[in-house]
There are 2 protein chains.
Amino acid sequence: MQFTSEQRLDDGVLERGFTLGEIPGILWTPGSASAPAPLILIGHPGGLHKMYPRLVARARHSAADGFAAATIELPGSGDRPRSAAAEQARADLRRALEAGEPVDEEIVDRLVLPLVEKAVPEWQAALDALLSLPEIGGPVGYSGGVIAIGIRLAAVEPRISAAVLFAGSFVPRALFEEARQVTIPLHVLLQWDDEGNDRQSALDLFDAFGSKEKTLHANMGGHTGVPQFAGDAAARFFTRHLS
Amino acid sequence: MQFTSEQRLDDGVLERGFTLGEIPGILWTPGSASAPAPLILIGHPGGLHKMYPRLVARARHSAADGFAAATIELPGSGDRPRSAAAEQARADLRRALEAGEPVDEEIVDRLVLPLVEKAVPEWQAALDALLSLPEIGGPVGYSGGVIAIGIRLAAVEPRISAAVLFAGSFVPRALFEEARQVTIPLHVLLQWDDEGNDRQSALDLFDAFGSKEKTLHANMGGHTGVPQFAGDAAARFFTRHLS
């Protein structure tokens, strides 16, 4: 892990760019941490540069609650090399959505399963590196989409203690089985009228999770319209479980 | 409205029993209110005496947030005269549930519609009396079940500004139409594994509400197992909308 940039934000949060091998990432640490901070891994749909305004807003919120936050670029997004197969699957998905057709499970599998296979070990490697820093302790939370990545991480990575998952992207059926293996506390956000999301599938997925403590927060508004109070509630979930 | 009893609880909350004609009720006001307090009407399934421990806990929570809270007995519950038709409908419902049969809409209509017809004007009369007290101002929230009563009140009573509704009892189809007329902010609690509740019906009802701001909080546990953090979230909803 190599730090490549460093800046102090106006609220005192320290933002550092890093690379982990070929993978770029960003780490935010609270300005006034006296002890090693718990860590929130911030998931996103890919494209660190494009997503930066929303990522930094979430990281500042986390830092205000005493948490470090970190994210890495997804395979095939941002400046990382494209995969021809993933680009083809994405084009097929877009074509189906534009035609108003139901999206074939086979397309979702082609798009999401290889992404999960590749991304999850990268997030785990990032976790190794981040937890070796003296300013970061534990426990660790995962927050965000791609929800399929969150499911796999929650199922296989014992260092993740709690997760906020955004039900807003396609989930291969195979991941529903993995969801049954998840036992950590979960806080699932669902935008009820999300135009790009299958609501019934999101409800089925919530039902499938094996966790004894799982909460679904459904709100109005489209994909990016999560209300402020819903973000606050997700933050309180982490404060309950990571502090 | 006649006050019939008065006691100061250990946290300073003033609890007063009252009657409104033949209807018994309870009013709780914060110990240290300097200005007229907003009011939360506390709904329940009937039986003030039996429900008292849970009602007073909710009222204390509300008082700690600066709100007055009040409740009245439901028609046909507690010490109020029984209705033969309602008793028959209740027996028919119990028989269907014990037999594991789907509950006929006709039974739900017979049980719930007359209750809503009778109870809603009573809650409105209580509101008239309560709002005439100098220690109570506005705005007013409704919290609880019977959810059908909450729907009708939210639809027809303009003095109610926000409602927390418990999805945990049967809702006649006719009330789904009224739900579309509701426009106030709503916070709906659903116990995901509530043995006495039809989850799909609760989700359909949430979908039906006309409110632009509506939030569904689904949690694990049975009918009475609403987690502490879910109660806290409902309280914050009222603080956002009634303060």
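Values in this document were obtained by computation on a predicted structure and should not be read as measured data.
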| request: Determine whether more than 12 heavy atoms belonging to other residues, nucleotides or ligands lie under 6.0 Å from atom CD of A:E106. | output: yes
| note | Applying a strict 4.5 Å limit to non-hydrogen atoms, the region of A:L203 in contact with chain B is both
| query | Under the 6.0 Å and 45° cation-pi test, does B:R236 pair with A:F229? | reply | no
| Looking at residues at least two apart in the chain, or sitting in another chain, which of them share a ring-ring contact (aromatic ring centres under 6.0 Å, His included) with B:Y142? | B:W123
| Residue-level contacts of residues 169-186 of chain A with chain B, using a heavy-atom cutoff under 4.5 Å | none
| field | Inter- and intrachain pairs under side-chain hydrogen bond (donor to acceptor under 3.5 Å, both in side chains), touching residues 61-71 of chain B, at least two apart | value | B:H44-B:T71
| field | Per-residue contacts, residues 148-163 of chain A versus chain B, heavy atoms under 4.5 Å | value | none
| said: Shorter than 4.5 Å, heavy atoms on both sides: which option in A:K212, A:R240, A:E213 has the most such pairs with chain B? | reply: A:R240
| query | Rounded to the nearest 0.5 Å, what separation is found between the NE2 atom of B:H217 and the NE2 atom of A:H187? | reply | 6.5 Å
| Engaged part of A:Q200 at the chain B interface, taking heavy atoms whose separation is under 4.5 Å | side chain
| query | Can you say whether A:D207 sits under 4.5 Å from chain B via the side chain, the backbone, both, or neither, judging by heavy atoms? | reply | both
| task | Enter the distance from B:M220:CE to A:T215:OG1 here, rounded to the nearest 0.5 Å. | result | 7.5 Å
